[in-house]
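Below, chain A is the first sequence line, B the second, and so on; all start at residue 1.
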Amino acid sequence: MNFPSLDHIEKTDITQFQQDLLNWYKEEKRDLPWRYDQDPYKVWVSEIMLQQTRVDTVIPYFERFIEQFPTIEALAEAEEEKVLKAWEGLGYYSRVRNLQAAVKEVHEQYGGKVPDTKEAISSLKGIGPYTSGAILSIAYGVPEPAVDGNVMRVLSRIFSIWDDIAKASTRKVFEEAVRRIISKEDPSSFNQALMELGALICTPTSPACLLCPVRDHCHAFHEGTADELPIKTKKKNMRHVHLAAAVLQTEGGEVLIQKRPESGLLANLWEFPNTELSGHGHPKVELELFLEREYGIESTLDKEPFAKIQHVFSHLTWDIDVYKGTMASSVPARERSRLVSSEEVEQYAFSVSHQKIWKQAKKNGWNHS
DNA sequence: TAAACGTGGTG
DNA sequence: TCACCAAGTTT
C-alpha cells in the first residue's frame with residue numbers, strides 16, 4: 001500500500017477521528033426507513049436497492065417492498081411477477097431476481113436466518129464485497145469494510161489517495177484503509193457515517209469542507225486538493241439502437257404484450273412487440289415481417305408511427321418508432337406473450353421505456369381504429 | 001479488466 | 001442541454 005499519511009497515522013489520531021465522525025453522525029444522520037431497526041433482511045433489501053441508486057429514489061420503493069414482502073419467508077414464497085412489479089422503475093432488475101433467489105436460499109439452507117459470516121453471505125447471489133460488508137457491519141456489528149463510491153471519495157480526500165477509483169482493483173486499497181481506522185466498538189455507525197458524510201458533506205463537486213466534522217484530519221483539505229479528488233477515469237461509449245414497436249389491439253380492445261428473455265437487458269419484464277431495425281428496409285415493413293414471423297399476424301399497421309420515443313440507458317440509447325395496429329382476437333402463438341385488456345396492462349411490470357410507449361398509446365393512438 | 005446492466009437528478 | 005452522477009455485481 002502506498003498512502004503516506006495513512007502509513008504514519010497515530011493510534012490517538014484514529015481515536016480522535018472516530019470520535020469526531022461518530023459524534024457528527026449521531027447528530028446529523030438522516031431519519032431513513034431502513035434505520036428503524038437492524039433486521040438483517042431489511043438491511044439487505046435496502047442495500048440492494050441503494051446500489052447505484054439515490055436515497056430519495058429508494059425510500060418509497062423500500063417502504064412498499066417491505067410492506068408487501070415483510071419477511072424472508074414472504075419474499076421467498078412470492079411470485080416473481082409480483083416481485084418484479086414492486087421493483088418496476090427502479091432499474092438494474094437483475095438485482096431483485098438475484099435478491100429473491102438468494103432469499104430463497106437463506107429460507108431453505110439457513111433456516112431463514114441471514115448468515116453472519118463473510119464467506120457464507122458473499123456466496124449469495126447479488127451480494128458482492130460492498131454489500132456483504134454493509135450487512136455484516138450494520139446488521140451484525142462485525143467490523144468489516146463496506147467500501148462504496150462515497151467511502152472511496154471521502155477517504156481519497158482524507159488520506160490523499162490518488163489511485164483511480166474507476167479501476168476494480170482500487171477498492172482493495174480503500175478496504176485496507178478502512179480496516180485500519182474502523183471503530184471496533186461501533187462498526188455499524190462508522191461505516192454508515194463515512195457514507196453519510198460522503199452524501200451530505202464530502203460531495204463529488206463542491207464539498208462543504210467548512211462544515212466537515214473531520215476536516216482537521218483531512219489531507220486534501222489542508223492541501224487544498226479536495227476538488228481534485230477522487231481520481232476517476234472512465235467514459236462510456238454510448239451505442240444507439242433503432243427499434244420499431246407495435247401496439248396491437250383486438251376488436252375487443254385487448255392488447256398484445258410479450259415477456260422479455262430470462263437474461264440480459266430488462267430480463268423478464270413485459271413489453272410491446274418490437275424488433276431491432278437493420279436500417280435497410282422501412283421500419284413499418286421490418287415490423288410487419290417480425291409480427292408475421294413471430295405471431296403469424298397479418299397486421300394492419302398504420303402508415304406512420306403515432307409516436308417516436310427515445311430512451312437512454314446507462315450504456316445505450318433506444319430510438320423507438322411506435323405503430324398502432326389491429327389484430328384478430330385469437331390466442332397468440334408465441335411463447336411468453338399475452339392478450340390483455342387495457343386495464344390489465346398496468347398490472348404487469350414494464351420497463352420505463354415501454355411505459356412511455358403505453359402512455360403515448362393512451363394519449364394519441366388509443367380509441368381510434 | 002472492462003463492459004453490461006436502469007433510472008432520475010443535477011450543474 | 002447533456003455528460004456525469006448514485007449506498008455495485010456479474011460476466
Side-chain angles (χ1 to χ4, degrees), chain A residues 29-30 32-35 42-62 84 87-99 101-102 121-135 137-139 145-155 164-172 174-175 178 188 190-200 202-207 227 230 232-239 241 260-261 263-269 271 310-318 349-356:
Chain A
K29 69 176 178 183
R30 289 168 290 181
L32 302 173
W34 45 90
R35 288 179 174 163
K42 290 188 219 169
V43 172
W44 184 3
V45 171
S46 73
E47 291 302 340
I48 300 298
M49 285 188 170
L50 285 163
Q51 290 170 3
Q52 300 289 285
T53 311
R54 285 184 162 72
V55 165
D56 289 343
T57 301
V58 167
I59 290 173
Y61 279 92
F62 177 81
L84 269 178
W87 207 269
E88 183 184 52
L90 245 195
Y92 287 143
Y93 298 95
S94 67
R95 287 185 295 176
V96 76
R97 294 187 303 112
N98 288 154
L99 173 62
I121 202 168
S122 296
S123 73
L124 297 168
K125 285 185 182 174
I127 298 187
Y130 163 75
T131 304
S132 62
I135 295 173
S137 62
I138 297 171
V147 175
D148 71 339
N150 281 312
V151 172
M152 289 198 282
R153 182 173 60 257
V154 169
L155 294 188
D164 181 3
I165 67 168
K167 292 193 177 304
S169 57
T170 300
R171 197 196 65 253
K172 291 183 175 58
F174 288 92
E175 285 178 343
V178 171
S188 168
F190 185 88
N191 279 342
Q192 292 185 80
L194 235 31
M195 294 188 276
E196 197 82 342
L197 189 68
L200 301 180
C202 196
T203 49
T205 58
S206 29
D227 286 317
K232 187 177 186 179
T233 63
K234 194 177 264 187
K235 292 294 161 276
K236 54 181 176 188
N237 300 345
M238 188 66 86
R239 185 163 58 94
V241 173
R260 292 180 59 82
S263 63
L265 184 64
L266 307 173
N268 284 355
L269 292 187
E271 66 180 4
Q310 183 174 77
H311 188 75
V312 180
F313 297 92
S314 53
H315 59 303
L316 69 86
T317 298
W318 274 354
F350 286 79
S351 68
V352 170
S353 51
H354 283 261
Q355 290 178 46
K356 289 178 183 173

*Might you point out which heavy atoms bring A:Val352 and A:Gly89 nearest each other, and give the distance in Å?*
CG2-CA, 4.1 Å

_What's A:Arg171 touching, base or sugar-phosphate or nothing? Going by heavy atoms closer than 4.0 Å._
nothing

*May I ask you to say what A:Ile48 touches in the nucleic acid, namely base, sugar-phosphate or nothing, with a heavy-atom cut-off under 4.0 Å?*
nothing

*asked:* Closest approach to the side chain of A:Tyr92, judged atom by atom: which nucleotide of B:dT7, B:dG6, C:dT10 is it?
replied: B:dG6

*P atom, B:dG6 versus C:dT11: distance in rounded Å?*
13 Å

*asked:* Quick check: on DNA chain B, is the nucleotide nearest A:Thr205 upstream (toward 5') of the one nearest A:Gly264, or the reverse? Name the residue that is more 5'.
replied: A:Gly264

*Are A:Gln51 and A:Tyr130 linked by a side-chain donor-acceptor pair shorter than 3.5 Å?*
no

*Mind calculating the distance between CD1 (A:Ile165) and C1' (C:dG8) to the nearest angstrom?*
13 Å

_Among B:dT7, B:dC5, B:dT1, which nucleotide has an atom closest to any side-chain atom of A:Ser169?_
B:dT1

*Could you check how far CZ of A:Arg95 sits from C1' of C:dT10, rounded to whole Å?*
13 Å

*Within this structure, what is the CG-to-C1' distance between A:Leu265 and C:dT11, rounded to whole angstrom?*
15 Å

*Any idea which of B:dC5, C:dC5, C:dG8 is nearest the A:Ser314 side chain?*
B:dC5

*Would you tell me if any nitrogen or oxygen in the side chain of A:Tyr61 comes within less than 4.0 Å of OP1 or OP2 on B:dT7?*
no

*Hey, does the side chain of A:Thr131 come within less than 4.0 Å of C:dT9's phosphate (OP1/OP2), counting only N and O?*
yes

*Of all heavy-atom pairs between A:Arg153 and A:Ala199, which one has the smallest distance, and what is that distance?*
NH2-N, 4.2 Å

*Across the strands shown, which category fits A:Val55 at heavy-atom distances under 4.0 angstrom: base, sugar-phosphate, nothing?*
base

*Touch check for A:Val58, heavy atoms < 4.0 angstrom, all strands: base, sugar-phosphate only, or nothing?*
nothing

*Take atom P in B:dC5 and the same atom in C:dC2, then report the distance between them in whole Å.*
24 Å

_For A:Phe350 and A:Lys167, find the nucleotide of DNA chain B closest to each by heavy atoms; which residue's nucleotide sits nearer the 5' end?_
A:Lys167

*asked:* Is there a side-chain contact between A:His315 and the phosphate of B:dC5, meaning an N or O under 4.0 Å from OP1 or OP2?
replied: yes

*Donor/acceptor link under 3.5 angstrom from A:Tyr130 side chain onto base of C:dG8*: no

*Pick base, sugar-phosphate or nothing for A:Arg260, based on heavy-atom distances below 4.0 Å to the nucleic acid.*
nothing

*Starting at atom CD1 of A:Ile59, determine the distance to atom P of B:dG9, rounded to an integer number of angstrom.*
13 Å

*Given atom CE of A:Met49 and atom P of B:dG6, what is their separation to the nearest angstrom?*
15 Å

*asked:* Under 4.0 Å, counting only non-hydrogen atoms across every strand here, what does A:Thr57 touch: a base, just sugar-phosphate, or nothing?
replied: nothing

*Classify the nucleic acid contact of A:Leu32 as base, sugar-phosphate or nothing, counting any heavy atom under 4.0 Å across all strands shown.*
base

*Examine distances only and state if a side-chain atom of A:Glu196 and a backbone atom of A:Arg30 form a donor-acceptor pair shorter than 3.5 Å.*
yes

*When only distance counts, do a donor and an acceptor, one from the side chain of A:Ser351 and one from the base of B:dG6, lie under 3.5 Å apart?*
no

_Name the residue from A:Thr131, A:Ile48, A:Ile135 that meets the side-chain contact (heavy atoms from CB on, under 4.5 Å) definition with A:Val43._
A:Ile135

*With heavy atoms under 4.0 Å as the rule, sort A:Trp318 into base, sugar-phosphate or nothing.*
nothing

_Side chain of A:Arg54, heavy atoms from C-beta onward: which of C:dC5, B:dG6, C:dG8 has the nearest atom to it?_
C:dC5

*Specify the separation, in whole Å, of atom OH of A:Tyr93 and atom P of C:dG8.*
17 Å

_Nucleotide nearest A:Asn98 (side chain, heavy atoms from C-beta), chosen from C:dT10, B:dT7, B:dC5_ = C:dT10

*asked:* Has A:Lys356 got a side-chain atom pairing as donor or acceptor with A:Gln310's backbone, closer than 3.5 angstrom?
replied: yes

*Per A:Pro129 side chain, nearest of listed nucleotides B:dT1, C:dT9, B:dT7*: C:dT9

*Take A:Arg95 and A:Trp87 through the side chain to side chain contact (heavy atoms under 4.5 Å, CB included) test and state the conclusion after the steps.*
CA-CA 9 Å; A:Arg95 287 185 295 176; A:Trp87 207 269; 3.7 Å; yes

